[in-house]
There are 2 protein chains.
Amino acid sequence: MDLQPIPDMNETDSVPPIFEPLCAVFRRRLKADGQKYTPERARVLDAVIRMEGPFEAEQLVEDLRASGYRVSKATIYRTIKLMQDAGIVQRVLGGDDVPRYQMIYGAKPDDTIVRVDTDEVISIDIPELIELRDKICAKYGLSPSSHRFQIFATGNDA
Amino acid sequence: MDLQPIPDMNETDSVPPIFEPLCAVFRRRLKADGQKYTPERARVLDAVIRMEGPFEAEQLVEDLRASGYRVSKATIYRTIKLMQDAGIVQRVLGGDDVPRYQMIYGAKPDDTIVRVDTDEVISIDIPELIELRDKICAKYGLSPSSHRFQIFATGNDA
DNA sequence: CTTGGTGCAAACATTTTGCAGCACA
DNA sequence: TGTGCTGCAAAATGTTTGCACCAAG
């Protein structure tokens, strides 16, 4: 996922969904609920955007601290929850059962084989899946923002 | 005392169509690691088999208790972990972020659209996916036991 | 002066672990 | 006897909440 500009705090309006900067998506959603796009929330969003692939909440804490920002854990978790409501991130479990968060808004697809005998996770690339996905969503009148495909498998001997 | 063999899988008429009885898979895996197929473990496995779809650990506790068995939480969790190692269950998160466990050995595929704007989960049926999945696994020399396909989407207006 | 946001610490929910005793080979 | 298994209670992990205070409209 590419870099986003540092979130600005200016006015918002309607822009084509998928190409709209994330901060605008987030801000719009907050506004709709009578909530505010605060500096803390902007920093958490910024840290989330910088993450590549699934990340732990603790990484956000460290990242922000390393950037010289002090945002409390409570605010980080509260912001994550807001971002979930806004359809920006999702909570997921890795093969190691560690809870992580993951961008789902406009994120790269996440296709993996999980080897249940070794816990190894193999990333695979299946372009056909996107086609299939979009076709299915169209049938339901929905707009896909991302997907996740996990195959559970073992070695042929196990 | 409890030397009497645990019901191999007798009272489980509602077991999904599997190729090898699950208890055999489990027992074999345990044996390979110098571990034992105890009455407690058999009962936990039995409870897991009876579950339909994803379930919470607590449900196992209650289920077993309701059946008149007292298996400690510690043993239940320890057994779940063994079953994960054996490729029988997987930990997953629902749209509500509640951690659940799910059969993956011989389980029906779990293909869903998650509406991130409403948290609604729509089950879909994509037979082509199994074909695709098996092809991919073959390429890696692996045997698929199940898969999970989640599409994250919103209504076209949201 | 009302509404929403923050940090802190305490509470919470789920899972893991240390330990003493038990069962079987 | 040694190895593994169990229950219990305590600990650990990851997340949420209550509260006092702050800030913007």
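Convention: sequence-line order gives letters A, B, ...; per-chain numbering from 1.
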Original post:
Has the side chain of Glu62(A) got a donor or acceptor atom that lies under 3.5 Å from a matching backbone atom of Gln59(A)?
Top reply: no

**OP:** Without swapping roles, check the side chain of Arg41(A) against the backbone of Lys36(A) for a donor-acceptor pair under 3.5 Å.
**Re:**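 Side chain of Arg41(A) to backbone of Lys36(A): a pair is present.
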
Distance in angstrom units between [X] [atom1] and [N] [atom2], rounded:
X        : N       : atom1 : atom2 : result
Gln35(B) : dA25(C) : CD    : C1'   : 16 Å
Asp97(B) : dT13(D) : CG    : P     : 21 Å
Glu40(A) : dC21(D) : CD    : C1'   : 14 Å
Arg91(A) : dT15(D) : CZ    : C1'   : 7 Å
Leu93(B) : dT13(D) : CG    : C1'   : 14 Å
Lys81(A) : dT15(D) : NZ    : P     : 10 Å
Arg41(A) : dA24(D) : CZ    : C1'   : 14 Å
Tyr77(B) : dC8(D)  : OH    : C1'   : 15 Å

**OP:** Taking only heavy atoms on the protein side, list every residue of residues 62-72 of chain A lying under 4.0 Å from any atom of DNA chain D, sorted numerically.
**Re:** none

Original post:
Between Ser123(B) and Asp111(B), is any pair of side-chain heavy atoms under 4.5 Å apart?
Top reply: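 Not in contact.
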
**OP:** Report yes if some heavy atom in the side chain of Thr79(A) is under 4.5 Å from a heavy atom in the side chain of Leu45(A); otherwise report no.
**Re:** no

**OP:** Give Arg100(B) one of three labels, base, sugar-phosphate or nothing, depending on what nucleic acid heavy atoms sit under 4.0 Å from its own.
**Re:** nothing

Original post:
For Arg78(A) and dG5(C), is the shortest distance between a side-chain N/O and OP1 or OP2 below 4.0 Å?
Top reply: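 Looking at the OP1 and OP2 atoms of dG5(C), neither is under 4.0 Å from any side-chain N or O of Arg78(A).
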
**OP:** Please state whether the phosphate of dG5(C), meaning OP1 or OP2, lies under 4.0 angstrom from any side-chain nitrogen or oxygen of Thr38(A).
**Re:** no

Subject >> Lys81(A)/Asp85(A) under salt bridge (charged side-chain N to carboxylate O under 4.0 Å, His left out): CA gap, chis, key distance, verdict >> reply: CA-CA 6 Å; Lys81(A) 181 140 288 179; Asp85(A) 293 344; over 6 Å; no

**OP:** Report the residue (Pro99(B) or Lys73(A)) whose heavy-atom-nearest nucleotide on DNA chain C is the more 5′ of the two.
**Re:** Lys73(A)

Original post:
When the nearest nucleotide of DNA chain D is assigned to Lys36(A) and to Val98(A) on a heavy-atom basis, which residue is associated with the more 5' position?
Top reply: Val98(A)

Original post:
For Glu131(B), does the CD atom sit with more than 12 other heavy atoms under 6.0 Å from it, leaving out its own atoms?
Top reply: no

Original post:
Ile124(B) and Ile151(B): side chain to side chain contact (heavy atoms under 4.5 Å, CB included), yes or no, with the steps?
Top reply: CA-CA 10 Å; Ile124(B) 53 181; Ile151(B) 301 175; 4.2 Å; yes

